[in-house]
Amino acid sequence: MDMEDDPDYDIFRDEDEDPDAQLHTENDSNKEYVVYLVDASPKMFTTTCLSENQDPETHFQIALSCISLSLKAQIINKSYDQVSICFFNTREKKNLQDLNGVYAFHLPEGDYLDRPTARLIKEFDNLQDSFSKNIGSHHGVLPGSRENPLYNAIWVAQALLRKGSAKTVNKRILLFTNEDDPFGCLKGAIKSDMTRTTLQRAKDAQDLGITIELLPLSSPDEMFDLSKFYVDLIGLEGDDLVSFMALAGNRLEDMKDQLRKRMFTKRRVKKFKFTIVDGLSIELNSYALIRPTVPGSITWLDSITNRPLKSERTFICADTGALVEESTRRFHPYKKLDLENDSNPKVPSV
């Protein structure tokens with residue numbers, strides 16, 4: 001039996017596979033806005049690990065490779081997501097707030113937060129060769145300086161994610177870094193003040209419905225210590241903290257898989273609303289954990305902008321080759337009835 005004719009098949013269908021809902025895809029509550037925050041401090045360029053090909057690879061290269069794969073997957077799976085890529089601890093600055101140490105990467109004709117395109121991926125893949133010349137790396141927090149690039153980066157990301165409502169859009173910040181103690185070189189009141197203000201900035205973003213996720217990069221001889229700073233920034237506690245720390249040692253090896261899992265769309269089947277009393281109700285979502293895999297629908301995209309193409313049909317006269325501007329009428333004349341002048345024509349029975 002054809003899978004699509006199976007009455008139980010619909011419970012496994014993704015919400016975005018419903019042909020009747022294609023016109024409402026942009027308003028889908030599963031749409032995501034993601035800001036990638038990449039640490040560009042010198043430590044990200046000097047720390048190396050072995051790649052799958054056993055070649056030395058810096059943590060900065062690993063972060064860029066993961067983001068590139070993420071952008072490609074978003075184009076294939078969910079073209080209506082919007083992303084932004086920001087580097088912090090940079091020599092140059094480029095952001096709407098004109099804050100030091102933060103460089104927001106985007107195409108000249110595009111927005112800071114926009115849909116991923118083929119050209120964006122191409123330019124982003126070429127960024128690694130020109131990064132040191134055009135953007136540059138810089139030590140983030142230095143003794144005697146009041147600059148706080150991490151604080152500025154979260155502020156810039158929060159401003160980028162103001163677009164859209166948190167009730168209809170999932171908003172996330174994905175942070176790549178191998179520095180587990182960004183204020184370790186400071187002491188006394190200055191360190192306490194910078195730590196407090198940065199944690200407060202992160203809390204403000206989370207209160208607005210923005211999720212901050214950490215992708216720590218550990219060295220072979222130095223494990224990323226979450227307890228020094230980031231456990232408070234991302235708000236982990238209890239079982240979540242235990243499970244996160246248990247996986248921290250394997251995060252570098254399966255970084256690309258971890259990022260792909262974070263992008264996986266939950267397959268909601270139905271909503272259930274339980275009314276307890278008047279004015280008090282509980283809403284639950286049910287999800288299909290296992291479902292058959294079927295080919296997705298074909299969407300024609302522009303090769304340069306990756307925008308969906310709108311198909312148009314034009315009729316050409318077979319005799320003259322001219323364009324037919326009026327709509328085509330299909331009829332079969334029967335005894336030359338004047339249907340336009342006769343409001344109640346009598347058609348003889350056959």
Side-chain angles (χ1 to χ4, degrees), residues 34-53 55-75 82-142 145 147-157 159-160 173-180 182 213-219 224 251-252 255-256 258-259 306:
V34 180
V35 175
Y36 299 98
L37 282 184
V38 182
D39 189 356
S41 65
K43 186 178 179 180
M44 289 284 290
F45 293 87
T46 57
T47 306
T48 59
C49 297
L50 293 179
S51 63
E52 297 178 356
N53 300 327
D55 295 328
E57 191 174 27
T58 66
H59 283 174
F60 188 79
Q61 291 174 325
I62 293 174
L64 265 58
S65 177
C66 292
I67 294 175
S68 179
L69 291 177
S70 171
L71 296 178
K72 295 175 184 177
Q74 287 184 3
I75 288 180
Q82 297 190 19
V83 301
S84 180
I85 306 169
C86 295
F87 302 94
F88 65 99
N89 291 328
T90 58
R91 182 187 68 244
E92 304 295 330
K93 62 178 179 178
K94 183 181 179 183
N95 55 83
L96 295 177
Q97 290 73 28
D98 198 33
L99 298 174
N100 292 329
V102 181
Y103 190 97
F105 172 80
H106 71 102
L107 297 177
E109 68 278 7
D111 295 331
Y112 283 94
L113 183 70
D114 205 350
R115 297 178 188 174
T117 62
R119 184 183 173 188
L120 175 65
I121 295 177
K122 182 178 180 180
E123 295 294 333
F124 181 74
D125 289 341
N126 296 331
L127 179 65
Q128 183 174 319
D129 298 332
S130 60
F131 186 88
S132 59
K133 178 181 178 181
N134 298 331
I135 301 176
S137 176
H138 189 269
H139 289 283
V141 181
L142 297 175
S145 174
E147 288 293 339
N148 188 347
L150 179 57
Y151 175 94
N152 294 344
I154 298 176
W155 190 355
V156 170
L160 291 172
I173 298 175
L174 297 183
L175 177 61
F176 293 82
T177 183
N178 62 356
E179 179 56 74
D180 53 11
E213 299 183 14
L214 176 67
L215 291 169
L217 295 159
S218 297
S219 305
F224 193 97
R251 286 297 172 96
L252 183 59
M255 180 70 67
K256 298 174 183 178
Q258 290 291 336
L259 189 58
N306 202 53

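Atom set for the values below is all heavy atoms of this structure, side chains included, hydrogens, waters and symmetry mates excluded.
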Considering all heavy atoms, the nearest [X]-[Y] contact:
| X | Y | value |
| --- | --- | --- |
| D39 | M44 | O-CG, 3.2 Å |
| L113 | Q82 | O-OE1, 3.4 Å |
| L217 | N178 | O-CB, 3.2 Å |
| Y112 | H106 | CE2-CD2, 3.3 Å |
| C86 | L160 | SG-CD1, 3.8 Å |
| E179 | T177 | N-OG1, 3.1 Å |

With a 4.5 Å cut-off on side-chain heavy atoms, are [Y] and [X] touching?
| X | Y | answer |
| --- | --- | --- |
| H138 | E147 | no |
| L127 | I135 | yes |
| V102 | W155 | no |

Return the [atom1] to [atom2] distance between [X] and [Y], rounded to the nearest 0.5 Å.
| X | Y | atom1 | atom2 | result |
| --- | --- | --- | --- | --- |
| L71 | K122 | CG | NZ | 16.0 Å |
| N134 | R91 | CG | CZ | 8.5 Å |
| L107 | D114 | CG | CG | 8.5 Å |
| L120 | S68 | CG | OG | 9.5 Å |
| S65 | D125 | OG | CG | 8.5 Å |
| H139 | S41 | NE2 | OG | 8.0 Å |

Hey, is the main chain of A40 close enough, under 3.5 Å, to the side chain of S137 for a donor-acceptor pair? yes
Aromatic ring proximity, centroids under 6.0 angstrom, F131 and F45: yes
side-chain contact (heavy atoms from CB on, under 4.5 Å) partner of I85, chosen from I67, L64, L37, V34: I67
Among L99, V38, L175, whose side-chain contact (heavy atoms from CB on, under 4.5 Å) with F88 holds? L175
Parallel, tilted or perpendicular: which fits the ring planes of F60 and F87, with parallel below 30° and perpendicular above 60°? tilted
Results of salt bridge (charged side-chain N to carboxylate O under 4.0 Å, His left out) for D129 - residues two or more places apart only: none
